[in-house]
Amino acid sequence: MNSQKLASHVANLLVVDDTPDNLRLLSTMLSDKGYKVRGVINGEMALKAARSTPPDLILLDITMPQMNGYEVCQHLKADGRTSGIPVIFLSALDRVLDKVKAFAVGGVDYITKPFHLEEVLARVENQLTIQRLQKKMHEQNARLQESEAKERNKSQQLELALQQLQNAQAQLIQSEKMSSLGNVVAGVAHEINNPISFIKGNLSPVREYTEDLLRLVQLYTEDFPNPTAAIQEQLEAIDFAFLRNDLPKLIASMSIGADRIGEIVQSLRNFSRLDEAELKVVDIHEGIESTLMILQHRLKDEADQTIIKVVKEYDDLPKIECYAGQMNQVFMNVLTNAIEALQSPKRWANDVDYSRSIPTITICTKLLSDFQVGIYISDNGPGITQDIQQRILEPFFTTKTVGTGKGLGLSISYTIVVDDHGGQLRCFSIPDQGATFAIEIPIYHSTKRFFEENLGGL
Ligand SMILES: Nc1ncnc2c1ncn2[C@@H]1O[C@H](COP(=O)(O)OP(=O)(O)OP(=O)(O)O)[C@@H](O)[C@H]1O
Ligand SMILES: [Mg+2]
């Protein structure tokens, strides 16, 4: 069984020889064996024929006038359309040097004249088989690469889906956490608001009534300078002189306390803007202050002594168009992280320097341009190493013990700052010296849209 019959198509051969007798002999011999054979008598014609219908194999005579076989082969190899066609050289020359040159210019085999039928056929079939196998291998490789690419694509899609799921889950958990906090805060603020209004409302009549009563007692003492023994006894028992002096002070301090509770309630209400979904034009400093107020108990101890100092360096900022409740969540997350970093045992473990520095959070705000403000929250805690910094924005990444951190604060904050407000959230840290979180947001929401549409973000 001949290999040309094995092929899915009959092999197409081009024979190039300037000697008509040779050409005829070869053509007849190969045609008889079932090959499709074209014969040409010089290099020019060979190149033309090869380019118009590329054959499966070329039998190329070396010694030809004008363009010899080596040159023809070089032209064939230099042209992308013909470079893949195997070339078997035909020559009467049988010197080692000629064979070397034949291979050097790109030939795959060499047949010496005079031809022996069996040898020619064996060499032709050999090359055709090699070529077919190569083709098959290329096809298989291409198929393999294609299916590999498909698999890679599939796994990338899966990874993306997983990431989206994780993000969605993170959003859900956080919004549940924050909305329950928001609800509690809003509820407490609402419940306290009524009684505190009673107290504040009643304090000024109480002050007036007491002043009236004290004036009345004064009048009595003036009109009756010699009280009875019972009255005298009572005056001493209640230490009237002290009481008269102290009562107005007491009422004044109650009034200050009531005002303070009023401010706290206002702050709580401010913070619980959490549930407000619309864009609002707000004072960012108010948001930071109300968040600090909520975190107050973590900054001071039971005796009201400062555990963590808060330094504020506020710039003169315009009002910002943003989702106020969400921005408060960001301040809450970043400030909570700073507090937790300052309280971590690591902070006290490494360096003697710490014993000299007071745990401090610095909040700095800055008008960056007509369109942008920056809020920088720094702490002098243990800082964040480079490899951890790369992961802090991943949902569920935490270095805190189970139950302490969920690893959500920063990933949620990133979504709020970057996706919802078109801003930037970045972290800078020198390990052992502290960390700074930079939140930079546009002043107008329309700026966010402008940058998104024209420049692909701020
Ligand atoms: N100021 C900081 N100093 C040192 N490390 C920090 C600081 N802020 C964040 N990190 C690191 O980043 C990690 C991720 O913070 P993130 O707020 O996302 O999650 P978490 O605080 O661990 O948990 P959660 O906020 O859900 O309670 C933290 O576990 C911590 O390792
Ligand atoms: Mg956190």
Side-chain angles (χ1 to χ4, degrees), residues 163 165-182 184-185 271 274 288 291-292 294-295 297-299 307-313 325-351 353-354 357-364 374-420 423-440:
Q163 217 168 30
L165 261 175
Q166 278 193 340
N167 283 343
Q169 194 185 2
Q171 297 266 18
L172 273 175
I173 295 179
Q174 179 76 358
S175 69
E176 195 183 313
K177 188 168 124 186
M178 290 313 283
S179 81
S180 58
L181 175 61
V184 171
V185 168
F271 183 82
L274 284 175
I288 299 174
T291 311
L292 279 174
I294 302 231
L295 292 170
H297 68 288
R298 301 189 67 178
L299 303 171
I307 317 170
I308 294 172
K309 196 167 113 186
V310 177
V311 176
K312 297 170 200 168
E313 292 164 10
Q326 294 204 340
M327 278 317 293
N328 287 350
Q329 274 190 47
V330 174
F331 302 143
M332 180 83 164
N333 289 334
V334 176
L335 284 166
T336 306
N337 282 347
I339 293 172
E340 283 166 0
L342 289 167
Q343 287 171 338
S344 84
K346 230 173 107 186
R347 181 178 188 279
W348 309 106
N350 294 346
D351 205 322
D353 261 7
Y354 288 142
S357 60
I358 303 165
T360 306
I361 294 175
T362 306
I363 306 169
C364 172
I375 300 115
Y376 306 91
I377 299 176
S378 314
D379 62 76
N380 57 351
I384 312 170
T385 56
Q386 201 61 40
D387 48 328
I388 290 184
Q389 264 186 58
Q390 316 217 312
R391 304 198 54 200
I392 53 175
L393 295 175
E394 285 174 23
F396 304 108
F397 174 80
T398 182
T399 56
K400 293 167 191 169
T401 46
V402 182
T404 328
K406 286 202 174 67
L408 290 177
L410 288 178
S411 73
I412 297 290
S413 301
Y414 185 86
T415 309
I416 294 174
V417 173
V418 179
D419 298 345
D420 299 344
Q424 288 195 335
L425 173 68
R426 284 173 298 163
C427 163
F428 306 95
S429 174
I430 302 176
D432 289 336
Q433 292 191 23
T436 296
F437 282 82
I439 301 153
E440 288 165 354

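As the structure lists them, so they are numbered: ligands from 1, and atoms in each ligand from 1. Everything numeric in this text was worked out from a predicted model, so none of it was measured. Position 1 is the first residue of the sequence, and the numbers go up from there.
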Next on the checklist: Nearest non-hydrogen contact with atom 19 (O) of ligand 1 belongs to which option: P395, G407, G383?
Outcome noted: G407

Item to check | Which residue and heavy atom of the protein sit nearest atom 3 (N) of ligand 1, plus the separation | outcome: A341 CB, 3.4 Å

Checklist entry - At what distance is the nearest protein heavy atom to atom 25 (O) of ligand 1, and which residue and atom is it? => result G409 N, 3.2 Å

Item to check | Sub-4.0 Å heavy-atom contact, P382 with ligand 1 | outcome: no

Checklist entry - For atom 22 (O) of ligand 1, which candidate among T398, I412, L335 provides the closest heavy atom? => result T398

Item to check | Best match, T436, I384, T336: closest heavy atom to atom 4 (C) of ligand 1 | outcome: I384

Checklist entry - Is G434 in contact with ligand 1, taking contact as a heavy-atom separation below 4.0 Å? => result no

Checklist entry - Mind checking whether T362 and Y376 have side chains closer than 4.5 Å, heavy atoms only? => result no

Next on the checklist: My understanding is that we take every heavy atom of each candidate and find the minimum distance to atom 13 (C) of ligand 1. Doing that for L393, N337, I392, N333, which one comes out nearest?
Outcome noted: I392

Checklist entry - When you look at L408 and F396, which way does the side-chain contact (heavy atoms from CB on, under 4.5 Å) test go after all the steps? => result CA-CA 5 Å; L408 290 177; F396 304 108; 3.9 Å; yes

Item to check | Any donor-acceptor pair under 3.5 Å from N333 side chain to L410 backbone | outcome: no

Checklist entry - Looking at the Mg ion (ligand 2), is one of the N, O or S atoms of N337 less than 2.8 Å from it? => result yes

Item to check | Heavy-atom side-chain contact between I308 and R298 under 4.5 Å | outcome: no

Checklist entry - Atoms of ligand 1 less than 4.0 Å from G405 heavy atoms? => result 23 (O), 27 (O)

Checklist entry - What atoms in ligand 1 come closer than 4.0 Å to a heavy atom of T399? => result 28 (C), 29 (O), 30 (C), 31 (O)

Checklist entry - Is L425 close to L393 at the side-chain level, that is, under 4.5 Å between some pair of heavy atoms? => result yes

Checklist entry - If you measure every N/O of S411 against every N/O of ligand 1, is any gap under 3.5 Å? => result no

Checklist entry - Which atom names give the shortest non-hydrogen contact between G374 and E440, and what distance separates them? => result CA-CG, 4.0 Å

Next on the checklist: Go through it in stages, so that I can follow the logic: the residues are F437 and V417, the test is side-chain contact (heavy atoms from CB on, under 4.5 Å), and I'd like the CA-CA distance, side-chain angles, deciding distance and then a yes or no.
Outcome noted: CA-CA 12 Å; F437 282 82; V417 173; over 6 Å; no

Next on the checklist: Quick test: of every protein heavy atom, which one is nearest to atom 1 (N) of ligand 1, and how far off is it to 0.1 Å?
Outcome noted: D379 OD2, 2.9 Å

Checklist entry - Does a sphere of radius 6.0 Å around NZ in K400 hold more than 12 heavy atoms from other residues, nucleotides or ligands, not counting ones at 6.0 Å or beyond? => result yes

Next on the checklist: Can you confirm, on distance only, whether ligand 1 has an N/O atom lying under 3.5 Å from any N/O atom belonging to A435?
Outcome noted: no

Checklist entry - Does an N or O anywhere in L410 fall below 3.5 Å from an N or O of ligand 1? => result yes

